[in-house]
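Below: one structure, written as structure tokens.
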Amino acid sequence: MKILENYDLKSLSYLKIGGVARYFVEIEKIEEWQKIIEIRDKERLPIIMVGEGSNTVFNDGFHNKIFVKIGSDEILKVYEDRDGVNINVAGGTNWDKLVEWAVKHKFSGLELLSGIPGTVGAAPVQNISAYGGSLFDTLTHIKVFDLKTEELYELNNQECEFGYRNSLVKKNPGRFAIISVSFRLSKDKPALPRYKDLALYFLKKRNKTPTIREIRQAVLDVRKEKLPDPRTEPNCGSFFLNPIVDIETAKSLAKKFGDMPQFPISLGEIKLSGGWLIEKSGFKGKDFGNLKVSPKNALIIIGNGRATFEDLVSLKKRIIDGVEKNFHVRLAPEVGFVE
Ligand SMILES: Cc1cc2nc3c(=O)[nH]c(=O)nc-3n(C[C@H](O)[C@H](O)[C@H](O)COP(=O)(O)OP(=O)(O)OC[C@H]3O[C@@H](n4cnc5c(N)ncnc54)[C@H](O)[C@@H]3O)c2cc1C
């Protein structure tokens, strides 16, 4: 177990914003929790779980907290039959490393989620999804350490209460540490992706039966085109959630703004495009000093490494207020804030 003091959170955060952590701990084994709980109780400090920091921003100040990262990194086959395989993956494993592993072994189910940054342990928190695929399609259960009861147990897919960028873990901040995640992957040939960008990709290539590997490559190619690279342009992916409204609100918006994209997601719920709302409010590609709104995708805020947390909070407010003034729809951040 590594216990670091005065850890630089700015270097962790993909947006390159943040102060200093009192403790930063990497946990490899379950027994190590005992030591962390001792420090927590003795020094009365909150525990904050972190992965790679690709969806989190930290205040610039001193964080008198214990940041805990799952350090273990392992993919285990636990059962295999004619149709598929059950695997258990340690929470510290890099997400895309897992996808590459599955593709290499010709197991389908994760390929649409290629190229998403972060760890396996963080993936269930917001139920990562992209290009028509969602984590909950293949997740069977998660193993959690409950920081409230100090017990280790499993939660199955249903118990995780997955929704759009949401889960039981997200609804109970500070309660659960995800130790590992289990999946059921298939040996079936993958279906031709229906998501517009991917469907077009394969249409252009006249490929009606893409392999798992070809689907992964298509997703990586499309992502490269549509998203700024966080290695050269610090960003946390979509900064805002796509707002969800009821049918009545959606109808009245469609009447006023005929070209507004709307996607029914469940009975009575319509998802709007946050990127469209931000773009139509005049923010897309705009420069705000040390921060800018991506010209490729208006949902993304890009930093230059010199922005402060205050700069970010003020830009967030400006965008939320701008969209609300134009459309009477209030955006909420997707990115998590540790203040
Ligand atoms: C360029 C870019 C593109 C992206 N594209 C997508 C996309 O297509 N789809 C998508 O869904 N997301 C996307 N994201 C968001 C991000 O990749 C995911 O949210 C990812 O799961 C975050 O992983 P992380 O390890 O970096 O988590 P962090 O940012 O470190 O943490 C995220 C949240 O999870 C909690 N957490 C982390 N680890 C654990 C754990 N072991 N147990 C309990 N809680 C934990 C943290 O407390 C925090 O609340 C993108 C981000 C970037 C930068």
Side-chain angles (χ1 to χ4, degrees), residues 9 12-18 21 24-27 33 46-58 65-73 89-99 110 112-136 139 142-147 155 160 162-181 195 197 219-220 222-224 226-242 294 296-297 299-303 333-338:
L9 293 166
L12 178 75
S13 164
Y14 269 45
L15 243 172
K16 298 293 164 242
I17 294 178
F24 186 90
V25 184
E26 264 193 47
I27 285 200
W33 277 102
I47 292 177
I48 309 282
M49 294 304 298
V50 279
E52 289 178 11
S54 68
N55 206 30
T56 308
V57 284
F58 308 95
K65 304 178 178 93
I66 310 170
F67 289 85
V68 178
K69 183 175 178 187
I70 304 295
S72 47
D73 166 350
V89 189
T93 311
N94 172 268
W95 172 261
D96 201 50
K97 182 179 155 191
L98 166 64
V99 180
L110 301 180
L112 292 171
L113 304 178
S114 291
I116 299 182
T119 54
V120 168
V125 177
Q126 71 153 0
N127 177 28
I128 56 167
S129 62
Y131 300 98
S134 268
L135 183 82
F136 80 79
L139 181 146
I142 61 178
K143 185 184 275 182
V144 294
F145 180 64
D146 186 329
L147 291 159
L155 294 168
C160 286
F162 289 126
Y164 164 63
R165 300 285 197 268
N166 211 352
S167 70
L168 177 78
V169 178
K170 189 167 173 180
K171 287 179 224 165
N172 291 276
R175 169 127 189 219
F176 300 107
I178 300 175
I179 306 298
S180 69
V181 185
Y195 196 92
D197 293 342
V219 172
L220 293 174
V222 169
R223 289 184 73 93
K224 197 169 171 193
K226 301 246 156 163
L227 301 171
D229 183 346
R231 285 168 302 188
T232 49
E233 296 187 280
N235 77 84
C236 277
S238 297
F239 192 85
F240 295 101
L241 293 165
N242 286 313
S294 168
K296 282 187 180 176
N297 180 333
L299 275 179
I300 299 178
I301 292 179
I302 299 172
E334 174 182 315
V335 168
F337 282 71
V338 181

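The chain is numbered in sequence order, starting from 1. For ligands, and for the atoms within them, numbers begin at 1 and follow the listed sequence.
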[atom]: the protein heavy-atom neighbour that sits closest, reported with distance to 0.1 Å:
atom	result
atom 21 (O) of ligand 1	Ile128 CG2, 3.4 Å
atom 41 (N) of ligand 1	Ile178 O, 3.1 Å
atom 50 (C) of ligand 1	Pro117 CD, 3.7 Å
atom 4 (C) of ligand 1	Arg223 NH2, 3.5 Å
atom 9 (N) of ligand 1	Ser129 O, 2.8 Å

Query raised in the report: Is ligand 1 less than 4.0 angstrom away from at least one heavy atom of Gly91?
Result: no
One residue to check: [X]. Relative to ligand 1, which of side chain, backbone, both or neither has a non-hydrogen atom less than 4.0 Å away?
X	value
Trp95	neither
Gln126	side chain
Arg165	side chain
Thr119	both

**Report entry** Distance, nearest 0.5 Å, that separates CD1 of Ile27 from CH2 of Trp33
**Finding:** 4.5 Å
**Report entry** N or O contact, Ile116 vs ligand 1, cut-off under 3.5 Å
**Finding:** no
Query raised in the report: Taking distance alone, with no angle check, do Asn235 and ligand 1 share an N/O pair under 3.5 Å?
Result: no
Query - Main-chain N/O of Tyr131 paired with Asp197 side-chain donor or acceptor, under 3.5 Å - result: no
Query raised in the report: Is Asp96 reaching over with its side chain to a backbone N or O of Ser114, donor-acceptor style, under 3.5 angstrom?
Result: no
Query - Ser54 neighbourhood, listing ligand 1 atoms whose heavy-atom distance to it stays under 4.0 Å - result: 16 (C), 17 (O), 20 (C), 22 (C), 23 (O), 24 (P), 26 (O), 29 (O), 51 (C), 53 (C)
Query raised in the report: Counting heavy atoms only, which of Phe239, Tyr14, Phe176 is nearest atom 43 (C) of ligand 1?
Result: Phe176
